[in-house]
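Below is one structure, written out as structure tokens; comments come after it.
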Amino acid sequence: MEYNFREIEKKWRQRWVSQKTYQVTEDKNRQKFYVLNMFPYPSGAGLHVGHPLGYIASDIYARYKRLQGFNVLNPMGYDAYGLPAEQYAIQTGQHPAITTEANINRYREQLDKIGFSFDWSREVRTCEPGYYHWTQWAFQKMFESFYSQAPLSSPEGETSAKKASARPIEELIAYFEKNGTEGLDRFGVACSPLGESEGTFTASEWNAMSEVEKQQVLMNYRIAYLGETMVNWCPELGTVLANDEVIDGVSARGGFPVVQKRMKQWCLRVSAYAQRLLDGLETINWTESLKETQRNWIGRSEGAEMQFKVANSDIEFTIFTTRADTIFGVTFMVLAPESELVKQLTTSEQQAAVDEYLSYVKKRTERDRISDRKVTGVFSGSYAINPFTGEEIPVWISEYVLAGYGTGAIMAVPAHDSRDYAFARHFNLPIIPLIEGADVSEESFDAKEGIVMNSPATGKQALDDFSLNGLTVKEAIAATKAFVASHNLGRVKVNYRLRDAIFSRQRYWGEPFPVYYKDGMPQMIPEECLPLELPEVDKFLPTETGEPPLGNAKRWAWDTKTNSVVDNSAIDNQTVFPLELNTMPGFAGSSAYYLRYMDPHNDQALISPEADQYWQNVDLYVGGSEHATGHLIYSRFWNKFLFDLGVSCKEEPFQKLVNQGMIQGRSNFVYRIKEGCPLPASPKGEEDGPWFVSLGQSEKYDVTPLHVDVNIVKNDVLDLEAFKAWRPEYANANFIFEDGSNSLSPLGETEGAQYVCGWAVEKMSKSMFNVVNPDMIVEKFGADTLRLYEMFLGPVEQAKPWDTNGIDGSHRFLKKFWNMFWSKDALAVTDDEPTAAELKSLHKLIKKVTEDIEMFSYNTSIPAFMIATNELTALKCTKRAILEPMVVLIAPFAPHIAEELWEALGHETSVCDAQWPDFNEKYLIEDTVKMMVAFNGKTRFGIDFPADADNATIEAAARNHELTTKYLEDKQIVKVIIVPKRMINIVMK
RNA sequence: GCGCUUGUGGUGGAAUUGGUAGACACGCCAGACUUAGGAUCUGGUGCCGCGAGGCGUGUAGGUUCGAGUCCUAUCAGGCGUACCA
């Protein structure tokens, strides 16, 4: 019987739907396994062949786990909010919901053809009210929470059994009512950076505050808060962007310039969770490189904050340093241009120079700073006093100090910091070396090693006779920290690079905030009124007054009497208030979708405790590594917050994570001969077309390489007729072939002359004509072939180019596999007892495939299938005891063909409910075992032993072997080494 | 600059704790069959050499009876990050 993949695949696609084969329910009697793919953004271009790679890999794993008896959750959905649909809406007026719906349908159609075991009854879409209900809900909870290292009720604060957690803001309010801010620092409460004056108040001061004042104070502590921060503003897109959405100073989407701007924005206090995000990495099974990326992004650094007084003034300021030991080498201080201190410390003589510098800095974009790293700065006119020596140190202002990290001010130690060194050299400031033997005449000595000197310099004296001379750097750092703490000069401090996430976007196509404004302060709409649905607008652009697109909505006001959305005209700021105009960013909807899959239709809660208890967290998460510092940080944060709330029972959402590598395109080129370059033949008389030369001949001509559609090239040989039809201007094209002949030579072209294209690996994109569409492959070869080939292409984690050429091999294999079962049009399978050779083939395969799937290295299982199939075909094996397990083994990889064969073998249930075959080692034992014996540096092989021989027998036999004996007699033996080959290892066990 | 990562035939890639490097597939070559195909089947295919033989895992050393695998140095590519004090 012929392998008719089209019919088979169609049949099983329908059957899986009608029999609900992949729907799962919580089943307490079976162990759960949760497989998850990063859900896609449904773009207009549809899927290309690279998209399904990770889905196939995880689908194989999901099917394998199911065959092993697990209750497998393998859901899919759409990250449906996003910029492209909105940009398209702006250009065409088409509502993004319509575009998105159309794209989703296209995605679904494509996905359905590949045979995934997704439970579509659990599909989620981030843009649906039933889904974003819970995004809004979580946001409200964050607004109503603050974060502290210990419960405020514990009397000892930090010294008590710590439990860092988000807590209801009411706890903080109760504390303020009783104590003000007195003693609050014992509890490690996370808050926005505050000045001395606004940060402290007494209980009676708190109680005397107006409601608005209280709200303003609380805003500094909420986990979701409205904060005035420097943001990445993208004028072209008219919105702010998160740090991970900005690459090289331009927007990740669109590549538009990004500038720094001070704006009031919703923020999430991700930084409060920095330490837990760092610690959590130790408990999860991710690749080391990805964990390292997150560690760097979190950027923990231990150091000290130190106070510096300003000479002739009562101003004091704080700096952060990890090299407290270099205090005696400080020769100047530097402030960030955006620092509040700049205003206070600039003297009247320097005012003009400073103003000029600040306006220069303001003009520079992020991109300028990156591209030219020149040394710039200006003297403020003020001097700071070194707390250890009393010396006066000039205070400078320079853009190399960042306002957003540490305190926005540093002590500069040019001898031991390369940035300070460059600055000192440029402005001719003194450089004092502090490490014995360090040569700082050409560059700074940044390493944290060596013996300290000049601390203080000979003949000078420091506060309390403090000295670091003679200590190692490590000892000096510790000693200085201790001294700083004991003399009240500052405190030991851990800083994180991780910033709070900016959570507002000035866009239409996103989750609306469930927030209205009363007296300028945000208020949450009542929880039972969620979801607050996205309003309709006429235009998707910002309003004329520069408000976000929601400013165009006519019905976007909140009536607190009826608790409903009403017309803007009703706004009276008494009972009807304006609603928030910003929307949430892309990462909002993707931050907890894995929880929603567990209980997608629950309209009472994000997830029921029962569903959460059963599914717990994701066992295997598959997706691209480009989300390392975005989604994978935010969702870990989000999940930790929900964990603190008791909503999620696991602190880490994704236990194991595999990054699938990108599939690149393989572009083909033709070489067009430039005008004026001598040609091999003259025109035929008709209108002469352009000339193209084959790769091997192209060096002889002056050519321009041009991309050519990979779909009209086979094995790098151009299909000439298809090429002529591809573009009207190529209709009369002439060719010089690989063998040097040409299409216009008087004798005609040589028989078999070919035009060979060049090739290169590039990104898969329309403009390079190298996009390969999975539908086409499925149409030609079938979904099972596509699945097999995608896995065969190489390790899942590695980036690799797509090359359709090799796909025949996978298809041929499936045909061979199919043919094992059939003789003419009848099933050939018999119930005979299998032979030892047949059992060996089967069990070798079981072992290999089981191990491979566990290790996620499918690319080596496919060859194992091919070898086993070839072996069994050669043995003419048609025995059920061999072939039936083979069907189960291949089911995760090629589910359609497996179902068809399973049914042909007489089974009434789906192959999905079969049992994964057990591996038995006894079938693998060899009859004989080869040994290797090494003589005088040369290894010899070829001593055979019975397979059941034990170690001692083998060694004795080897020693008695005639060769061995001869060498022993000649005393030329250095060593006799007996190396069991792998088969022996099995015997030994 | 820093961090991570990868270097194996014409190509994608195999090679378990160090143990016959190049599995399997593509491509290529030869042959068979034929309804002449983008079909199927068989055999061959790392490089040099007629041959025996020699050389081969980015490069140079080292450890070892034995190294793709371990160590040291170095070169090249990929990814991430960017003045984080």
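Any value given below was found using the heavy atoms of this structure, including those in side chains, with hydrogens, waters and symmetry copies removed.
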Would you indicate what [X] reaches in the nucleic acid, counting non-hydrogen atoms under 4.0 angstrom: base, sugar-phosphate, or nothing?
{"X": "I867(A)", "result": "sugar-phosphate"}
{"X": "P795(A)", "result": "sugar-phosphate"}
{"X": "N805(A)", "result": "sugar-phosphate"}
{"X": "R300(A)", "result": "nothing"}

- Message: Looking only at side-chain N and O atoms, does T480(A) offer a donor or acceptor that is under 3.5 Å from a partner on D325(A)?
- Response: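 No, because no side-chain N or O of D325(A) sits under 3.5 Å from a partner of the opposite role on T480(A).
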Is there a donor-acceptor contact under 3.5 Å linking the side chains of T376(A) and Y357(A)?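 Yes, because at least one side-chain N or O of T376(A) sits under 3.5 Å from a partner of the opposite role on Y357(A).
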Under 4.0 Å: is that the gap between some side-chain N or O of [X] and OP1 or OP2 of [N]?
{"X": "Y400(A)", "N": "rA85(B)", "answer": "no"}
{"X": "Q798(A)", "N": "rG13(B)", "answer": "yes"}
{"X": "R812(A)", "N": "rU40(B)", "answer": "yes"}

Between N859(A) and V713(A), just flag the one whose closest nucleotide in RNA chain B comes earlier from the 5' side.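 Result: N859(A).
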request  = With RNA chain B as reference, determine whether Y496(A) or K816(A) sits nearer its 5' end, using the nearest nucleotide of each.
outcome  =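 Closer to the 5' end of RNA chain B: K816(A).
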Between [N] and [M], how far apart are the two [atom1] atoms, rounded to whole Å?
{"N": "rA21(B)", "M": "rU57(B)", "atom1": "C1'", "result": "8 Å"}
{"N": "rG1(B)", "M": "rG19(B)", "atom1": "P", "result": "36 Å"}
{"N": "rA14(B)", "M": "rA25(B)", "atom1": "C1'", "result": "11 Å"}
{"N": "rG46(B)", "M": "rG68(B)", "atom1": "C1'", "result": "15 Å"}
{"N": "rG62(B)", "M": "rA76(B)", "atom1": "P", "result": "24 Å"}
{"N": "rG61(B)", "M": "rG53(B)", "atom1": "P", "result": "27 Å"}
{"N": "rU45(B)", "M": "rG22(B)", "atom1": "C1'", "result": "12 Å"}
{"N": "rU64(B)", "M": "rU69(B)", "atom1": "C1'", "result": "13 Å"}

>> In terms of relative ring orientation, are F388(A) and F328(A) parallel, tilted or perpendicular, with 30° and 60° separating the classes?
In response: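 Ring orientation, 0 to 90° scale: perpendicular.
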Next item on the list: Kindly say whether the aromatic ring centers of Y755(A) and F723(A) come within a distance under 6.0 Å.
Entry: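 When the ring centroids of Y755(A) and F723(A) are compared, they turn out to be at least 6.0 Å apart.
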Pair F427(A) + F332(A): ring centers closer than 6.0 Å
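Judged by ring-centre distance (under 6.0 Å), F427(A) and F332(A) do not meet the cut-off.
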Now, which nucleotide makes the Watson-Crick or G-U wobble pair with [N], with each of the two distances under 3.5 Å?
{"N": "rA21(B)", "answer": "none"}
{"N": "rG49(B)", "answer": "none"}
{"N": "rC41(B)", "answer": "rG31(B)"}
{"N": "rC4(B)", "answer": "rG78(B)"}
{"N": "rU64(B)", "answer": "none"}

Separation of [X] atom [atom1] from [N] atom [atom2], in whole Å?
{"X": "L793(A)", "N": "rG27(B)", "atom1": "CG", "atom2": "C1'", "answer": "15 Å"}
{"X": "Y858(A)", "N": "rA23(B)", "atom1": "OH", "atom2": "P", "answer": "25 Å"}
{"X": "Q294(A)", "N": "rG3(B)", "atom1": "CD", "atom2": "C1'", "answer": "14 Å"}
{"X": "W802(A)", "N": "rG13(B)", "atom1": "CH2", "atom2": "P", "answer": "13 Å"}
{"X": "K848(A)", "N": "rU16(B)", "atom1": "NZ", "atom2": "P", "answer": "9 Å"}
{"X": "I327(A)", "N": "rA85(B)", "atom1": "CD1", "atom2": "C1'", "answer": "13 Å"}
{"X": "K448(A)", "N": "rA85(B)", "atom1": "NZ", "atom2": "P", "answer": "8 Å"}
{"X": "F792(A)", "N": "rG27(B)", "atom1": "CZ", "atom2": "C1'", "answer": "13 Å"}

Where the side chain of [X] is defined as all heavy atoms beyond and including C-beta, which of [options] is the nearest nucleotide?
{"X": "N870(A)", "options": "rA25(B), rU40(B), rA85(B)", "value": "rA25(B)"}
{"X": "M866(A)", "options": "rC4(B), rC41(B), rC24(B)", "value": "rC24(B)"}
{"X": "E292(A)", "options": "rC24(B), rA82(B), rC4(B)", "value": "rC4(B)"}
{"X": "S289(A)", "options": "rG80(B), rG38(B), rC4(B)", "value": "rC4(B)"}
{"X": "D808(A)", "options": "rG27(B), rC83(B), rG80(B)", "value": "rG27(B)"}
{"X": "N296(A)", "options": "rA85(B), rG13(B), rG3(B)", "value": "rG3(B)"}
{"X": "R497(A)", "options": "rU81(B), rA25(B), rA23(B)", "value": "rU81(B)"}

Should F856(A) and Y858(A) be marked as a ring pair (Phe, Tyr, Trp, His ring centres under 6.0 Å) after you check the CA-CA gap, both sets of side-chain angles, and the distance that decides it? CA-CA 6 Å; F856(A) 230 72; Y858(A) 309 127; 5.2 Å; yes
Quiz item: Does a salt bridge link R295(A) with E288(A), judged by any charged N lying under 4.0 Å from a carboxylate O?
Solution: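 A salt bridge is present here (some side-chain N lies under 4.0 Å from a carboxylate O).
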Report task. Name the orientation of the base relative to the sugar in rG9(B): syn if the glycosidic angle is within 90° of 0, else anti. Result ->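 Base orientation: syn.
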Cation-pi check for W286(A) against R636(A): NZ or CZ below 6.0 Å from the six-membered ring centre and within 45 degrees of the axis, yes or no?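 Cation-pi check for R636(A) and W286(A): passes.
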